[in-house]
**Student:** 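Once you've had a glance at the structure underneath, I'll fire off some questions.
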Amino acid sequence: MADDKEQIEMSITADQNNQGEQVERFVKLLTANQHRIYTYILSMMPNSSDADDIMQETTTIMWRKFSDYQAGTDFVAWGNAIAYYTTMNYRRKKKNVLHLSDEAIEALSFHTPKTTERMEHQMDRLSDCVKNLEIQDQRIVYMRYNQEMDVKTIAERLDMQLRRVYRHITRIHSLLLRCISRSEGIL
């Protein structure tokens with residue numbers, strides 16, 4: 001009788017460890033790829049409130065079906081497939097929402113992953129190009145685009161004439177465009 005109890009306790013402990021590993025694996029995959037899945041949802045349902053609801057439902061379904069996910073396959077493609085059907089169900093339930101036709105949604109769902117991948121690649125190139133700028137130019141880029149400062153505020157902070165900041169930004173845009181074009185093999 002004691003041996004049976006011990007085996008049951010060992011089995012329960014093994015199941016709990018396995019479930020903990022499963023949760024950890026899911027959370028790591030979701031954390032690394034949630035932005036891409038959410039972007040996909042936004043391409044089909046541009047209202048961010050609706051997209052948030054769909055993302056929450058998609059995540060719930062992904063967790064429920066995680067045992068069906070094949071390790072080593074494309075997690076984003078798997079998540080996007082679930083997001084697609086979740087979005088379509090959401091659209092059917094919310095008839096009062098203005099939205100695209102099912103055909104348009106299907107076309108977008110086909111092209112969005114490719115576009116997202118291309119944009120991520122270009123953002124990586126842009127990041128590399130910004131690192132190659134002079135420190136003052138990097139500072140202006142950071143203030144303008146990361147901190148979302150207007151040009152007048154940048155001029156005040158750097159004690160520069162407004163006209164000069166505009167020229168700097170125009171020159172920086174040109175440098176970054178050339179850098180990205182070179183890295184893409186366009187020039």
Side-chain angles (χ1 to χ4, degrees), residues 1-131 141-142 145-148 180 183-184:
M1 186 105 151
D3 285 340
D4 288 342
K5 184 178 178 185
E6 192 174 300
Q7 283 182 330
I8 291 171
E9 287 175 359
M10 287 175 49
S11 176
I12 290 171
T13 302
D15 286 346
Q16 288 172 339
N17 288 341
N18 186 28
Q19 187 174 12
E21 290 170 8
Q22 185 112 344
V23 168
E24 186 176 332
R25 209 171 99 220
F26 177 77
V27 169
K28 282 182 181 178
L29 286 167
L30 182 64
T31 302
N33 297 291
Q34 185 171 7
H35 177 72
R36 293 176 70 193
I37 295 167
Y38 185 72
T39 300
Y40 177 72
I41 292 169
L42 277 173
S43 75
M44 296 182 288
M45 190 65 76
N47 177 315
S48 63
S49 177
D50 291 335
D52 290 346
D53 292 345
I54 293 167
M55 183 67 199
Q56 186 173 5
E57 181 66 21
T58 297
T59 302
T60 302
I61 294 168
M62 288 171 68
W63 170 242
R64 267 192 257 130
K65 295 180 174 272
F66 190 59
S67 61
D68 297 341
Y69 170 71
Q70 298 291 318
T73 61
D74 188 345
F75 184 80
V76 173
W78 179 73
N80 283 351
I82 293 171
Y84 174 79
Y85 290 108
T86 304
T87 301
M88 297 309 280
N89 285 334
Y90 185 89
R91 287 165 39 86
R92 277 189 274 286
K93 289 177 186 173
K94 273 200 140 182
K95 296 214 183 263
N96 61 340
V97 173
L98 291 176
H99 52 72
L100 300 171
S101 69
D102 288 348
E103 293 79 18
I105 293 292
E106 190 171 333
L108 286 171
S109 72
F110 177 76
H111 292 287
T112 298
K114 295 173 190 166
T115 303
T116 302
E117 188 176 312
R118 189 174 68 240
M119 286 175 57
E120 287 175 355
H121 177 72
Q122 289 174 338
M123 290 303 291
D124 289 343
R125 298 289 66 78
L126 177 60
S127 180
D128 291 343
C129 291
V130 168
K131 289 175 188 173
V141 167
Y142 180 79
Y145 300 105
N146 291 62
Q147 295 182 325
E148 298 181 358
I180 291 169
S183 69
E184 298 283 324

**Student:** Between atom CD1 of Ile180 and atom CG of Leu126, what is the distance when rounded to the nearest 0.5 Å?
**Tutor:**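 Between Ile180 CD1 and Leu126 CG, I get 4.5 Å after rounding to 0.5 Å.
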**Student:** The criterion is side chain to side chain contact (heavy atoms under 4.5 Å, CB included); which residues satisfy it with Gln34, sequence neighbours excluded?
**Tutor:**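 Once residues adjacent in sequence are excluded, the partners of Gln34 under the side chain to side chain contact (heavy atoms under 4.5 Å, CB included) criterion are Leu30, Met55.
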**Student:** Which donor-acceptor pairs under 3.5 Å do side chains of residues 61-77 form with protein atoms, sequence neighbours excluded?
**Tutor:**
unit_1	atom_1	unit_2	atom_2	d
Tyr69	OH	Thr73	O	2.6
Thr73	OG1	Gln70	O	2.6
Asp74	OD1	Val76	N	3.1
Asp74	OD1	Ala77	N	3.2

**Student:** Quick check: closest heavy atoms across Ala83 and Tyr40, and the distance to 0.1 Å?
**Tutor:**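 Smallest interatomic distance, heavy atoms only, reads CB-CD2, 4.1 Å.
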**Student:** Just wondering, do Arg92 and Asn89 contact through their side chains at under 4.5 Å, heavy atoms?
**Tutor:**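 SC-SC contact between Asn89 and Arg92 confirmed.
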**Student:** Rounded at 0.5 Å granularity, tell me how far CD1 in Ile54 sits from CE in Met45.
**Tutor:**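 Between atom CD1 of Ile54 and atom CE of Met45 there are 4.0 Å.
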**Student:** If you count heavy atoms of other groups shown closer than 6.0 angstrom to OH of Tyr85, is the number above 12?
**Tutor:**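 For Tyr85, atom OH is not crowded (no more than 12 foreign heavy atoms under 6.0 Å).
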**Student:** For Asp124, give me all partners under side-chain hydrogen bond (donor to acceptor under 3.5 Å, both in side chains), at least two apart in sequence or on another chain.
**Tutor:**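 For Asp124 there are no side-chain hydrogen bond (donor to acceptor under 3.5 Å, both in side chains) partners, ignoring immediate neighbours.
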**Student:** Using the test salt bridge (Lys or Arg N to Asp or Glu O under 4.0 Å), find all partners of Asp128 that sit at least two apart in sequence or belong to another chain.
**Tutor:**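 Asp128 satisfies salt bridge (Lys or Arg N to Asp or Glu O under 4.0 Å) with Arg125 only.
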**Student:** In a check of side-chain contact (heavy atoms from CB on, under 4.5 Å) between Asn80 and each of Ile41, Ile37, Thr58, which one passes?
**Tutor:**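 Among the candidates, only Ile37 passes.
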**Student:** Only counting residues at least two apart or in another chain, list the ones meeting salt bridge (Lys or Arg N to Asp or Glu O under 4.0 Å) with Lys28.
**Tutor:**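 For Lys28, the residues satisfying salt bridge (Lys or Arg N to Asp or Glu O under 4.0 Å) (neighbours in sequence not counted) are Glu24.
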**Student:** Roughly how far, to the nearest 0.5 Å, is the CD1 atom of Ile82 from the OG1 atom of Thr59?
**Tutor:**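 One gets 9.5 Å once the value is rounded to the nearest 0.5 Å.
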